[in-house]
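Structure first, commentary second.
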Amino acid sequence: MSTPQSGPVVSATDPETGAAGRRVAVITHTHRPEAVRAAVQFMHGVAGQDITCVLPRADTKEMASFLDGADLRTDLVDEAGTNGCELAVVFGGDGTILRGVEWALSVDLPILGVNLGHVGFLAEAESSQIDQVVTAVCHRTYHTETRLTARVRVLSSPGGDVLWESFAVNEASLEKASRQRMLEAVVAVNDQPLSRWSCDGILVSTPTGSTAYAFSAGGPVTWPGVDAMLIVPLSAHALFNRPVVVPADAHVHVQVVRAEQNNAVVWLDGRRSFDLSPGNVLDVTRGQHRLQLARIAPDDFTGRLVRKFGLSVEGWRGAAERRGTHERHGA
Ligand SMILES: NC(=O)c1ccc[n+]([C@@H]2O[C@H](COP(=O)([O-])OP(=O)(O)OC[C@H]3O[C@@H](n4cnc5c(N)ncnc54)[C@H](O)[C@@H]3O)[C@@H](O)[C@H]2O)c1
Ligand SMILES: Nc1ncnc2c1ncn2[C@@H]1O[C@H](COP(=O)(O)OP(=O)(O)OP(=O)(O)O)[C@@H](O)[C@H]1O
């Protein structure tokens, strides 16, 4: 789902610092020197445009040698939040973008990812395109694509107390806590039991997550505009062990029936986790906030899939045919 629009209008004065001008958050995979270099190149690019770069203070230790003495307008902050920012530009791979989401989601801040990781499926630009990113940010020519997220809660029992609450952009992954035993859980959709699975785990994934863990587990690749959630069993020892697709408004419950050493664990986007005991329920519904991904080019999910997954669009026959033509021409 894409909403063409210019960047959000931001007040000329930051409410907290009183500083005038535009503010853009910069989040960097600081353990990767090429990501730090790219972030600093971006900051230099926007420096003359009355834009202050807002950095998480924790990121600046590794960046200090690049920042010291540079004529850059930066503001260091401890807490995630808008801090008056209109956009977060993230330099890293998907993991760093998922870290950036923790800053951005609750305040509906768009994220523009620059890939300095291995895959960078969620990124919009490659490291060779920093000048284009600078131009798009300076002229506010980016648009935002919104993505479904999930609200994830752990309940003590069906209808019981809420023990934990968080969100997922990719997936909630309920997993066995002990490697040598199976997890046993009952999945219910809209309060109707669907299946009991003895398995390694169960994913409840968004369309965004359909190219991540759910993809590895045999789930269907789902275009971002599809308003649905995927339920994907991990190695279920059952005749019915298929991924299922439910409407995004469905209420998905997964109750842990048995878990060895009395524990199962849920991981959200591989970043946030909580331990569950038998009887506890993983409760997943549509998230209140949509992730906003800033784009500098028109949407092209098909192209992204082909590029990032290295899909062959000519097939082996096409390659053979081209070789044949080549050989007939005596090359
Ligand atoms: N067997 C698996 O495939 C498996 C196992 C655990 C976690 N994961 C995924 O890892 C994600 C966390 O990513 P990370 O980079 O912090 O961990 P990571 O460093 O372990 O990398 C996981 C891989 O998933 C890719 N990835 C992440 N989100 C993606 C998305 N939406 N579409 C396509 N690819 C995506 C990353 O680029 C990376 O190659 C989790 O949300 C989960 O989806 C996958
Ligand atoms: N400043 C940081 N401090 C600590 N950890 C970080 C920092 N930046 C990134 N990470 C973590 O490092 C891990 C790997 O980062 P990332 O996913 O960006 O790189 P990658 O694995 O090479 O890329 P991709 O996910 O696209 O394959 C992630 O879990 C991410 O959250």
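We count ligands from 1, going down the list as the structure has it; atoms in each ligand are counted the same way. Side chains are part of it too, since the values below use all heavy atoms of this structure and drop only hydrogens, waters and symmetry mates. Note that the numbering runs from 1 along the sequence shown for the chain.
- Under the side chain to side chain contact (heavy atoms under 4.5 Å, CB included) test applied with H253, the options V204, V281, V186, N190 reduce to a single match, V281.
- Of all atoms in ligand 1, numbered sequentially from 1 with element shown, those under 4.0 Å from a heavy atom of S216 are 1 (N), 2 (C), 3 (O).
- When only non-hydrogen protein atoms are considered, atom 4 (C) of ligand 2 lies nearest to H31 CE1, 3.5 Å.
- Atom CG of L311 has more than 12 heavy atoms from other residues, nucleotides or ligands within 6.0 Å.
- Counting protein heavy atoms only, atom 8 (N) of ligand 2 is closest to H29 CA, 3.3 Å.
- Proximity to R32 (heavy-atom distance under 4.0 Å) selects the following atoms of ligand 2: 19 (O), 20 (P), 22 (O).
- The shortest N/O to N/O separation between G92 and ligand 2 does not fall below 3.5 Å.
- Looking only at heavy atoms of the protein, atom 11 (C) of ligand 1 is closest to N170 ND2, 4.0 Å.
- Here is the list of ligand 1 atoms found below 4.0 Å of a heavy atom in L122: 31 (N).
- Where the criterion is an N or O separation shorter than 3.5 Å, residue side chain and backbone included, N115 fails it with respect to ligand 2.
- When only interatomic distances are considered, the shortest N/O to N/O separation between G120 and ligand 2 falls below 3.5 Å.
- Heavy atoms from other residues, nucleotides or ligands lying under 6.0 Å from CZ of R242 number 12 at most.
- Remark: ligand 2 atoms within the under-4.0 Å shell around heavy atoms of T28 are 1 (N), 8 (N).
- Within the listing of ligand 1, atoms 12 (C), 13 (O) sit less than 4.0 angstrom from a heavy atom of L98.
- Rounding to the nearest 0.5 Å gives a distance of 11.5 Å between CD1 of I130 and OG1 of T135.
- In terms of protein heavy-atom proximity, atom 1 (N) of ligand 1 is closest to Y213 CE2, 3.5 Å.
- Within 6.0 Å of atom CD in Q288, 12 or fewer heavy atoms from other residues, nucleotides or ligands are found, so the atom counts as exposed in its surroundings.
- Nearest to atom 39 (O) of ligand 1 among the protein's heavy atoms is V119 CG2, 3.4 Å.
- Among all non-hydrogen protein atoms, the one lying nearest atom 14 (P) of ligand 1 is G95 CA, 3.8 Å.
- Atom CZ in F215 sits 12.5 Å away from atom OG in S205 (nearest 0.5 Å).
- Between D59 and R99 there is a salt bridge, with a side-chain nitrogen of the basic residue lying less than 4.0 Å from a carboxylate oxygen of the acidic one.
- For R304 and E126, the salt-bridge test fails: no basic side-chain N is under 4.0 Å from an acidic carboxylate O.
- In this structure, atom 37 (O) of ligand 1 lies nearest to the protein heavy atom D94 OD2, 2.5 Å.
- Taking every heavy atom of V119 and a limit of under 4.0 angstrom, the matching atoms of ligand 2 come to 24 (P), 26 (O), 27 (O).
- Note on ring orientation: taking the six-membered ring where Trp is involved, the planes of W223 and F301 are perpendicular (angle over 60°, cut-offs 30° and 60°).
- Ranking the protein heavy atoms by distance from atom 25 (O) of ligand 2 puts D94 N, 3.2 Å first.
- The protein does not reach atom 22 (C) of ligand 1 closely, with no heavy atom under 4.0 angstrom from it.
- Ligand 2 has no nitrogen or oxygen under 3.5 angstrom from a nitrogen or oxygen of F121.
- In this structure a side-chain-to-backbone donor-acceptor pair under 3.5 Å is missing from D161 to S156.
- Distance remark: protein heavy atom not present below 4.0 angstrom from atom 18 (P) of ligand 1.
- Side-chain atoms of D191 and H251 include no donor-acceptor pair closer than 3.5 Å.
- Annotation: cation-pi geometry not satisfied between R37 and F91 (NZ/CZ under 6.0 angstrom from ring centroid, within 45° of ring axis).
- Looking at E171 and L230, their side chains never come closer than 4.5 Å, going by heavy atoms from C-beta outward.
- Using a 4.0 Å cut-off between heavy atoms, R271 contacts ligand 2 through its side chain alone, with no backbone atom that close.
- With a heavy-atom cut-off of 4.0 Å, I97 does not touch ligand 2 at all.
- Each of the following atoms of ligand 1 lies closer than 4.0 Å to a heavy atom of T211: 30 (C), 31 (N), 32 (N), 33 (C), 34 (N).
- Summarising the contacts of atom 1 (N) of ligand 2 with I27, T30, T96, the nearest heavy atom is found in T30.
- Protein heavy atoms are found less than 4.0 angstrom from atom 32 (N) of ligand 1.
- Contacts between H118 and ligand 2 below 4.0 angstrom, taking non-hydrogen atoms only, involve backbone and side chain alike.
- For atom 43 (O) of ligand 1, the closest non-hydrogen atom on the protein side is E171 OE1, 2.4 Å.
- Annotation: atom 28 (C) of ligand 2 to nearest protein heavy atom, G95 CA, 3.9 Å.
- The closest side-chain donor-acceptor pair between E175 and S173 falls under 3.5 angstrom.
- In this structure, T28 and T96 approach most closely via the heavy-atom pair C-CG2, 4.0 Å.
- Looking only at heavy atoms of the protein, atom 29 (C) of ligand 1 is closest to A212 CB, 3.4 Å.
- Nearest protein heavy-atom neighbour of atom 6 (C) of ligand 2: R99 NE, 4.2 Å.
- Remark: L276 CG to L183 CG distance equals 9.0 Å, nearest 0.5 Å.
- Considering only heavy atoms from C-beta on, R73 comes within 4.5 Å of D50 through its side chain.
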